[in-house]
Amino acid sequence: MNIFEEYINKITALILENQKLLKLDNLNKFKGIVVESPPAEFDFDLSCNASLVLGKINKINPKELANKIKNLILKDLKDFKKIEIAGPGFLNLKLTNKSLIINIDKILENRKTYGKKNSNNNYNIEFVSANPTGPMHVGHCRGAIYGDVLANLLKFNGNKVTKEYYINDYGNQIKNFAKSVYLRIREIKYNEKFISKKDLYPGEYIIEIGKKIIDSNKNEKFDNFDESFNLLKKESLKHSMDLIKSDLKKLGIEHDNFFSETELIENKLVEKAVNYLKKNNYVQEGYLEPPKGDRDETWKKTKRLIFKSTLFGDDTDRAMQKNDGSWTYFANDVGYHMDKVNRNYKYLINVLGADHTGYVKRITAAVSALSENRVKLNCKVCQLVKLYKDAKPFKMSKRAGDFISAQDLLNEVNKDSIRFMMLNRSNDVELDFDFDKVLEKSKDNPVFYVQYSFARISSLFKTLNKDLNDKINLDSKVFLLNENEIKILRKIFEWPKIIETASSKYEPHKIPYYLYELATLFHSYWSKGNEDKKFKFIENGKIKKKETLAIIVLVATVIQRGMNILGVSLPDKM
RNA sequence: GCGCCCUUAGCUCAGUUGGAUAGAGCAUCGGUUUUCUAAACCGAGGGUCGUAGGUUCGAAUCCUUCAGGGCGCGCCA
């Protein structure tokens, strides 16, 4: 149920019926007409811009038109007790008690799904996909949470969502990773000092992995890297992925599908994709120009397979093969994405870190080519996370193993705060993550603020000895909302719209912002009781008005739905 | 040189399918508690929406110019 949609339909239908009376010709252009909440200073429930939009197209003075529409609405729709024309021609509308109650009842009857935007599509969201050569760092957490909440949001609306992780368990980096583990094992077993070199992984977790592999392979000598390679690769990857999965789990995230790059190679998916693209002339042998950025010493102008990604909006065509004829990382990814296309998803979403911005156009181009534009890949880039502690920036780099890992973060900050704070910003701006602030228990910390509002409601229900799910019967004869309750109700009406834009634009950050505003209204109302006894909810252990109870249940309902989507818990008591 | 993102109050940011007097939080200053949880509330000051143009009844929002900041620009992954 979305009250704005409901009334836009009623009002536009009414206008259509009375087209001649209103002297309107261009009625095929209803685009742009909306019903929304008026600015706070107007004491109305709804606002409609129909006369502004239609007046413009039909060259009619919007205020005159507004007046005619106003009379029509008053005559034909019995839902409003007051309509005013404001500003350049906005219609501000106030609902009758009866229609307010109808709308409140509708929400109360469908508490679990209030705000749901019905939809039934098949989505694949690829996110995290951190290299399996080491543990997750803080930057990964942002993308991880973003992807997870996006999935929750889309599922809430009724879509099917596969949460996927692409494991880059192939190529040189894995060789170097296994080599690092090998050298650490030699260090432990034979006292050979580990000397860190370029391309090796020095981090301490490598030692842990080495120990585990020694334990589970008591008879293995580890005296020849090449001979032990397969074993080392397999076991190191397993331990490393276990680390990552355990971090993800602590953040409340579980993927549905892990897709291995090695398997993709073994199943010849790249060849299949390349052959398909060749058939359509999207892949050809050719030469590329040297890159414009930093000089690359190993660059060679030789003939190789090239994907013509410029045909799909990329800045330059892309190599599918390296100097030695083997596939590039991109070629493998093309193979992977062909598999996704073949799995018949309607929408593909890739959540990437800021350092992969330059990759977006080519992989989007590849999906267009592979699906003949049938499937749209949407790449969402999460900008950097900047860590602060004691007002000093925390450095983060994956270089020497001195990055801030997800573990480090989880040791100090609980999952709820991490999730909420990482989402409390649009994904395409940098995010300052302040350790101190996130641990604070005050209004400074939005997580606590929202949770606290719910805890207050819970305690209220405990005092009343009532359950949040109890049925409430409202009576239009005595129905009366005070100004605090009206403000809250109007905010509650906006919830479906928040869900709609958050999910259609993939912008989950709108949810924490909204919840914070709703919590503010509730805290404010609550405090009114401290100033003036008449605003207290309870008298002699009983609720004073059923309307108040209904409003409070609505607040609790929306906060529950919202926090549920965010994957943040709601304690009863704080 | 090129691409993507950003530029809104002292600070951190919401707000873009064009709409009404541009909003929050922090910080600053001043108030509120014998309580349904003060982990809260109320009030005040604070703005040329980076610059310069354009589109129109109307622009933070759309187009163009320029400037500043971030990320990236390999046949690495």
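Note on naming: letters A, B, ... go to the chains in the order of the sequence lines (proteins, then strands), and numbering restarts at 1 for each one. No experiment lies behind these values; they were computed from the predicted model shown.
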What nucleotide among [options] has an atom nearest to a side-chain atom of [X]?
{"X": "A/Ala319", "options": "B/C75, B/C36, B/G74", "value": "B/C75"}
{"X": "A/Tyr359", "options": "B/C36, B/A77, B/A40", "value": "B/A77"}
{"X": "A/Met574", "options": "B/A39, B/A77, B/A40", "value": "B/A39"}
{"X": "A/Lys361", "options": "B/U12, B/C75, B/C4", "value": "B/C4"}

Can you tell me, in whole Å, how much space there is between the [atom1] of [N] and that of [M]?
{"N": "B/C57", "M": "B/G31", "atom1": "C1'", "result": "45 Å"}
{"N": "B/G53", "M": "B/C41", "atom1": "C1'", "result": "47 Å"}
{"N": "B/A22", "M": "B/C49", "atom1": "P", "result": "10 Å"}
{"N": "B/U61", "M": "B/A52", "atom1": "P", "result": "13 Å"}
{"N": "B/G45", "M": "B/G30", "atom1": "P", "result": "16 Å"}
{"N": "B/C73", "M": "B/U28", "atom1": "P", "result": "42 Å"}
{"N": "B/A9", "M": "B/G47", "atom1": "C1'", "result": "6 Å"}
{"N": "B/U48", "M": "B/G10", "atom1": "P", "result": "8 Å"}

Could you state the [atom1]-[atom2] distance from [X] to [N], rounded to the nearest angstrom?
{"X": "A/Lys497", "N": "B/A14", "atom1": "NZ", "atom2": "P", "value": "20 Å"}
{"X": "A/Phe522", "N": "B/A39", "atom1": "CZ", "atom2": "C1'", "value": "14 Å"}
{"X": "A/Tyr329", "N": "B/C76", "atom1": "OH", "atom2": "P", "value": "14 Å"}
{"X": "A/Asp333", "N": "B/C75", "atom1": "CG", "atom2": "P", "value": "13 Å"}
{"X": "A/Asp532", "N": "B/U33", "atom1": "CG", "atom2": "P", "value": "14 Å"}
{"X": "A/His356", "N": "B/G70", "atom1": "NE2", "atom2": "C1'", "value": "17 Å"}
{"X": "A/Asn172", "N": "B/C75", "atom1": "CG", "atom2": "P", "value": "14 Å"}
{"X": "A/Asn465", "N": "B/C36", "atom1": "CG", "atom2": "P", "value": "17 Å"}

**OP:** Start with the C-alpha gap between A/His509 and A/Arg425, add the side-chain angles, then the distance that decides, and say whether side-chain contact (heavy atoms from CB on, under 4.5 Å) holds.
**Re:** CA-CA 6 Å; A/His509 73 276; A/Arg425 199 109 306 173; 5.7 Å; no

Subject >> Residues in contact with RNA chain B, drawn from residues 420-430 of chain A - heavy-atom cutoff 4.0 Å >> reply: A/Arg425, A/Ser426, A/Asp428, A/Val429, A/Glu430

Subject >> Of residues 500-514 of chain A, the positions that come close to RNA chain B - non-hydrogen atoms, cut-off under 4.0 Å >> reply: A/Lys505, A/His509, A/Lys510, A/Tyr513

Touch check for [X], heavy atoms < 4.0 angstrom, all strands: base, sugar-phosphate only, or nothing?
{"X": "A/Tyr170", "result": "sugar-phosphate"}
{"X": "A/Glu539", "result": "nothing"}
{"X": "A/Asp572", "result": "base"}
{"X": "A/Gly171", "result": "nothing"}

Answer yes or no: is there a donor N or O on one side and an acceptor on the other, between the side chain of [X] and the main chain of [Y], under 3.5 Å?
{"X": "A/Ser236", "Y": "A/Lys233", "result": "no"}
{"X": "A/Arg142", "Y": "A/Cys382", "result": "no"}
{"X": "A/Glu64", "Y": "A/Asn61", "result": "no"}
{"X": "A/Ser180", "Y": "A/Tyr201", "result": "yes"}
{"X": "A/Ser326", "Y": "A/Lys322", "result": "no"}
{"X": "A/Tyr336", "Y": "A/Val270", "result": "no"}

Check this for me: [X], atom [atom1], are more than 12 non-hydrogen atoms of other residues, nucleotides or ligands nearer than 6.0 Å?
{"X": "A/Lys542", "atom1": "NZ", "answer": "no"}
{"X": "A/Lys545", "atom1": "NZ", "answer": "yes"}
{"X": "A/Tyr282", "atom1": "OH", "answer": "yes"}

**OP:** Select from A/Ala455 and A/Asp432 the residue whose nearest nucleotide in RNA chain B is closer to the 5' end of that strand.
**Re:** A/Asp432

Original post:
If you find the nucleotide of RNA chain B closest to A/Glu289 and the one closest to A/Ser527, which residue's nucleotide is nearer the 5' end?
Top reply: A/Ser527

Strictly under 3.5 Å: I want the nitrogen or oxygen pairs between protein and nucleotides 18-21 of chain B, one per line.
from  : atom 1 : to      : atom 2 : distance (Å)
B/A20 : N6     : A/Ser47 : OG     : 2.5
B/A20 : N1     : A/Asn92 : OD1    : 3.3
B/A20 : N1     : A/Asn92 : ND2    : 3.3

Short side-chain N/O contact from [X] to OP1 or OP2 of [N], under 4.0 Å:
{"X": "A/Tyr388", "N": "B/C11", "result": "no"}
{"X": "A/Lys322", "N": "B/A77", "result": "yes"}
{"X": "A/Thr357", "N": "B/C71", "result": "no"}
{"X": "A/Thr328", "N": "B/G74", "result": "no"}

Original post:
Looking at side-chain heavy atoms only, is the closest gap between A/Leu305 and A/Trp327 below 4.5 Å?
Top reply: yes

Original post:
Heavy atoms, side chains only, cut-off 4.5 Å: are A/Cys379 and A/Thr364 in contact?
Top reply: yes

**OP:** Check the side chains of A/Ser129 and A/Glu126 for a donor-acceptor pair under 3.5 angstrom, ignoring hydrogens and angles.
**Re:** yes

**OP:** Identify, with sequence neighbours excluded, every residue that meets side chain to side chain donor-acceptor pair (under 3.5 Å) alongside A/Asn332.
**Re:** A/Glu261

Subject >> Which residues share a salt bridge (Lys or Arg N to Asp or Glu O under 4.0 Å) with A/Lys534, sequence neighbours left out >> reply: none

Subject >> From CA spacing to verdict: salt bridge (charged side-chain N to carboxylate O under 4.0 Å, His left out), A/Arg318, A/Asp314 >> reply: CA-CA 9 Å; A/Arg318 305 291 174 176; A/Asp314 198 0; 2.8 Å; yes

Subject >> Identified side-chain hydrogen bond (donor to acceptor under 3.5 Å, both in side chains) partner of A/Asn350 from the options A/His356, A/Lys340, A/Lys380 >> reply: A/Lys340

Subject >> Base-pairing string, 5' to 3', of RNA chain B - Watson-Crick or wobble, under 3.5 Å, | interstrand >> reply: (((((((..((((.........)))).(((((.......))))).....(.(((.......))).))))))))....

